[in-house]
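See structure below.
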Amino acid sequence: MEISIIGSGSWATAIANLLSDNYDILMYARDNNVVNAINTRHINSKYFPEKILNENVRATSDIKNTLENKYIINAIPTQSIRNVYENLGPFFDESKVIINLSKGLELKTHFRISEILEDVLGDINYAIVSGPSHAEEVIKEMPTTLVCASNDINLAKDIQDIFNRDYFRVYTSTDVIGVEIGGSIKNILAFGIGMADGLSYGDNSKAALITRGIHEMERFATSFGASEKTINGLAGIGDLIVTATSNLSRNNRAGRLIGEGYSIEESIAKVNMVVEGIPTTRAVYELSKEKNIEMPITYEIYKVLFEGKSAHQSVKDLMGRDLKNEY
């Protein structure tokens, strides 16, 4: 069986190499240099120049070539999904399965990724694989545990079997909303914790932001029907821990740079990868205002990113909020 992956970033490449132990893999990349490097030298020189990929990982710059396979893995940034898929509806039918690896909410619509894909493709067989995972560690076969969520538990179990390895353990869930929202908001919080690091605040501050951030994530997710258990699991707290505490996290790195005084543009340029937490902050801020969901940490990060507020003043204002009971 051949599996398609739409995208050629670090996470797409790590998953391609993992799955290629048992399956042929066809990756879509816009850049012909990336395609040629994968097909001739078996490397993705932009992300893992020293890692030789399995020879049954191939690449194409024609996205239609990838749509012939049953399993199609989405690994492109959230804000690009609509543009990439909106003309591909005729290639999708009930035999196709989309497995999503990306995280975030669409800026214009505030849609989760499953909602974006349903909007442009109609009814689809959809699952998301998410949780605490750095591509840099997965490609080295370091032990990693994630969750696969689908409204169809049998589909989730099928994907569990496809992905599971002795170093890569997958659990199943039917809480698509919770897994998608957990993976979105953890990027915002990781960005804020990075800012605290950039301001040279200590572990006390980080612990407070993580703990209160979990409350915020749970409040938002359950407002849309998610389960508290999902937020307290791999897709919520688990993903937040790995993203908030590691320099491998692009969101944490970008936040740290802003805390150190760099502009948004300078921070993104230095990270040199998509920082999904930035547009997701705006989407969650707007959606929480619309739904009247209290999100104080998100509000302050939004003000730093989009209203020019200093990171130091935002932390000061968070500490100066009205006193209240913890729960």
Side-chain angles (χ1 to χ4, degrees), residues 1-7 9 11-12 14-16 18-23 25-28 66-78 80-82 84-85 88-89 91-106 111-133 135 138 144-165 168-186 221 224-227 229-231 233-236 238-239 276:
M1 182 172 71
E2 185 175 64
I3 295 174
S4 296
I5 301 181
I6 298 180
W11 191 218
I15 291 298
L18 176 146
L19 294 177
S20 66
D21 288 346
N22 295 334
Y23 307 100
I25 305 298
L26 180 62
M27 300 179 70
Y28 164 72
T66 67
L67 304 179
E68 297 177 2
N69 295 321
K70 174 180 179 178
Y71 292 101
I72 300 169
I73 297 175
N74 173 69
I76 59 175
T78 303
S80 301
I81 288 175
R82 182 177 297 274
V84 169
Y85 287 91
L88 300 179
F91 296 91
F92 286 85
D93 56 34
E94 60 184 14
S95 69
K96 305 293 185 183
V97 175
I98 293 186
I99 306 168
N100 175 49
L101 302 181
S102 300
K103 300 169 183 177
L105 302 180
E106 188 176 40
F111 282 177
R112 292 175 285 109
I113 292 174
S114 60
E115 294 174 314
I116 302 169
L117 291 170
E118 288 171 5
D119 193 37
V120 297
L121 299 176
D123 291 336
I124 53 172
N125 298 307
Y126 174 87
I128 176 171
V129 174
S130 186
S133 50
V138 170
T144 302
T145 305
L146 288 90
V147 60
C148 175
S150 174
N151 293 328
D152 180 350
I153 189 60
N154 291 319
L155 176 59
K157 289 178 178 179
D158 288 343
I159 295 167
Q160 179 185 47
D161 289 338
I162 290 171
F163 276 74
N164 211 64
R165 299 290 184 277
F168 197 87
R169 180 175 175 83
V170 181
Y171 289 87
T172 58
S173 170
T174 55
D175 187 8
V176 171
I177 295 173
V179 171
E180 289 187 322
I181 290 179
S184 300
I185 294 189
K186 65 91 184 183
F224 291 91
S227 167
K229 289 183 178 180
T230 302
I231 300 307
L234 291 164
D239 209 356
E276 195 63 64

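Side chains included, hydrogens not; waters and symmetry mates left out as well; all remaining heavy atoms used. Note that the numbering runs from 1 along the sequence shown for the chain.
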Leu234 CG to Arg169 CZ distance, which is reported to the nearest 0.5 Å: 10.0 Å

Asn69 side, atom CG; Glu2 side, atom CD - distance, nearest 0.5 Å: 4.5 Å

From CA spacing to verdict: side chain to side chain contact (heavy atoms under 4.5 Å, CB included), Val129, Ile15: CA-CA 11 Å; Val129 174; Ile15 291 298; over 6 Å; no

Asn100 side-chain N/O to Ser102 backbone N/O, donor-acceptor pair under 3.5 Å: yes

Side chains of Tyr28 and Leu67 in contact at under 4.5 Å (non-hydrogen atoms): no

Short side-chain to backbone donor-acceptor contact, Ser150 and Tyr126, under 3.5 Å: yes

Asp123 atom CG: more than 12 heavy-atom contacts under 6.0 Å: no

Residues Asp93 and Ser95: side-chain donor-acceptor under 3.5 angstrom: yes

Side chain proximity check, Ile99 to Ile3, heavy atoms < 4.5 angstrom: no

Any donor-acceptor N/O pair, Lys103 side chain to Ile181 backbone, under 3.5 Å: no

Salt bridge (Lys or Arg N to Asp or Glu O under 4.0 Å) contacts in which one or both residues fall within residues 175-186, not counting sequence neighbours: Arg112-Glu180, Lys186-Asp239

Glu276 side chain vs Thr78 backbone, donor-acceptor pair below 3.5 Å: yes

